[in-house]
Amino acid sequence: MRKKIVAGNWKMNKTYEQGLQLASEVVNMVQDEVPSDVVVVLNPPFVHLTSIRKLIPASATNLFLGAQNCHYQASGAYTGEVSAEILKSIPVDYTIIGHSERREYFQETNAQLAKKVDLLLANQITPLFCCGESLDIRESGTEIAFVCNQLTESLFHLSAEDFAKVVIAYEPIWAIGTGRTATSQQAQAMHAALRAHLATHYGQTLADDTSILYGGSCNPGNAPELFACPDVDGGLIGGASLKSRDFTDICKSF
Ligand code: PEP
C-alpha cells in the first residue's frame, strides 16, 4: 500500500547548532501532533546526520532520517563526496537523489542517477527520486513526456521487487523556491500521468502502491489541497521545512 510521506529538504541551510535545534523541535512536534500513518523524513546537511540520528527515538516509528545526495560510485578517490555505504553506516533511512538543483548545478544525468538508485538499494536505503520539468518544457507542452523519460532512464532497469522500494517526488522546477506552486490540477495531472507510465512497465498494482510526492513552494496554506489530490501522496518540502511549526503543520495536512 502506498504511504503518506512528508520529507523536509533543508538544502545548504542551518549551522550545526541550528540544525540540532530544528530537528529536536520537529521530533517533539511530530510525536505530539502528527498521525502515526504519516511518514516524516528529515534531510539535513551531511554533517548533521549523526547527531540528528541520536535525536530520533526508536519509539517514533514514523520519523526517519535522510541525506540529500550520495555519489554514483561505491567508494574511492572522489574528494568531498559521500557514498551510499557511508550513509548506511550512520544509518540513514532515505536519500534524496536527482534534485533539480543537483541536475542543474552539478550536471547530474539520468544515467548517473540510475547508478545512485542501485547503490542506495544495495545499502538498504530508500531512494527519494526527484523528477520535474523546467518552465520552457512546460510551456512547450512536452512536460509529461520529459518527466516520464526521467523515470524510464533512471528507474526502469530495476526489478519490480527493487522498484517497490523507491519513492518518487515530482518537483516542477518553476515551482521550487519561487513561491509559485503548481495548482492542484497541474499536480494531479502530472502525478496521474506518472502513475500510468509506471503501470505500463510495472503493472497497475505496483504503480498504485508507489508513493509520488509533490514538491515546489508547498506550505501549510496550500498543502491540504495538494495532498487531497488522489495521486499526490505527500510532499518534498524545501523552504517551509526550515520552520518547525510550518513543517509540522504540513505533515498534518492529509
Ligand atoms: C525542494 O527544493 O525540494 C523544494 C520543494 O523547495 P521549496 O519547497 O522551497 O520550493
Side-chain angles (χ1 to χ4, degrees), residues 4-14 18-19 22-23 26 38-46 48-49 64-70 92-108 113 116-117 120 126-135 137-138 143 146-147 150-151 154 166-184 186-188 190-191 194 211-227 229 231-254:
K4 299 174 195 169
I5 303 175
V6 179
N9 175 15
W10 295 9
K11 311 193 185 188
M12 196 171 70
N13 293 298
K14 300 293 177 188
Q18 292 167 345
L22 173 60
V26 172
V38 178
V39 169
V40 179
V41 189
L42 305 184
N43 299 268
F46 286 133
H48 302 24
L49 286 169
F64 295 89
L65 183 65
Q68 296 174 20
N69 184 35
C70 69
V92 311
D93 311 298
Y94 287 75
T95 293
I96 297 169
I97 53 168
H99 192 282
S100 60
E101 288 152 14
R102 297 224 44 103
R103 292 177 187 262
E104 182 182 352
Y105 305 138
F106 301 94
Q107 288 77 47
E108 291 194 357
L113 295 172
K116 294 188 186 199
V117 170
L120 289 170
T126 301
L128 219 168
F129 178 83
C130 299
C131 54
E133 82 287 357
S134 64
L135 190 56
I137 291 172
R138 177 152 288 259
E143 69 275 11
F146 180 86
V147 182
Q150 290 180 319
L151 301 190
S154 298
V166 174
V167 173
I168 292 172
Y170 167 61
E171 300 205 305
I173 297 170
W174 45 272
I176 296 179
T178 59
R180 179 181 169 186
T181 320
T183 64
S184 53
Q186 286 172 318
Q188 170 56 27
M190 178 60 84
H191 284 227
L194 296 181
S211 294
I212 308 179
L213 317 185
Y214 167 79
S217 297
C218 201
N219 60 46
N222 58 33
E225 187 179 335
L226 286 161
F227 293 1
C229 297
D231 286 291
V232 176
D233 306 309
L236 180 55
I237 317 299
S241 73
L242 300 174
K243 292 187 182 145
S244 53
R245 182 72 269 156
D246 285 359
F247 183 65
T248 306
D249 285 348
I250 293 171
C251 296
K252 293 159 67 180
S253 296
F254 290 94

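Just so it is clear, the structure is predicted and the values come from calculations on it, not from any experiment. Every heavy atom of this structure was used, including side-chain atoms; hydrogens, water molecules and symmetry mates were not. For ligands, and for the atoms within them, numbers begin at 1 and follow the listed sequence.
The atoms of ligand 1 that sit less than 4.0 Å from any heavy atom of Lys11 are 1 (C), 2 (O), 6 (O). The distance from ligand 1 to the heavy atoms of Gly239 drops below 4.0 Å at these ligand atoms: 7 (P), 8 (O), 9 (O). Per-residue contacts place Leu236 under 4.0 angstrom from the following atoms of ligand 1 (heavy atoms of the residue considered): 3 (O), 5 (C). Less than 4.0 angstrom separates some heavy atom of Gly216 from each of these atoms of ligand 1: 5 (C), 10 (O). Of all the atoms in ligand 1, the ones that sit under 4.0 Å from a non-hydrogen atom of Gly177 are 7 (P), 9 (O), 10 (O). Residue Gly238 approaches ligand 1 through these ligand atoms, each under 4.0 Å from one of its heavy atoms: 4 (C), 5 (C), 6 (O), 7 (P), 8 (O), 9 (O).
In terms of polar-atom proximity, Ser217 is counted as a contact of ligand 1, with an N or O under 3.5 Å from an N or O of the ligand.
Between Asp249 and Pro220 the shortest heavy-atom distance is CB-CB, 4.0 Å.
When heavy-atom distances to ligand 1 are checked against a 4.0 Å cut-off, Asn9 comes that close only through its side chain, counted from C-beta outward.
Gln68 and His99 are not linked by any side-chain donor-acceptor pair at a separation below 3.5 angstrom, with hydrogens and angles left out of the test.
A 4.5 Å side-chain heavy-atom check between Trp10 and Leu22 finds at least one atom pair inside the cut-off.
With sequence neighbours left out, Phe227 forms a ring-ring contact (aromatic ring centres under 6.0 Å, His included) with Phe254. Partners of Glu133 according to the side-chain hydrogen bond (donor to acceptor under 3.5 Å, both in side chains) rule, which considers only residues two or more places apart in sequence or in another chain, are Arg138, Tyr170, Trp174.
Rounded to the nearest 0.5 angstrom, Ile212 CD1 and Leu236 CG are separated by 14.0 Å. Note that CD1 of Ile168 and CG of Leu151 are 5.0 Å apart. Values are rounded to the nearest 0.5 Å. Between atom NZ of residue Lys243 and atom CG of residue Asn219 there is a gap of 10.0 Å, rounded to the nearest 0.5 Å.
Within the structure, the closest approach of Ala240 to ligand 1 does not fall below 4.0 Å when heavy atoms are considered. In this structure, Ala175 is part of the shell of residues with a heavy atom less than 4.0 angstrom from ligand 1.
Considering only non-hydrogen atoms, atom 1 (C) of ligand 1 lies nearest to His99 out of Gln68, Arg180, His99.
In this structure, the protein non-hydrogen atom closest to atom 5 (C) of ligand 1 is Glu171 OE2, 3.1 Å.
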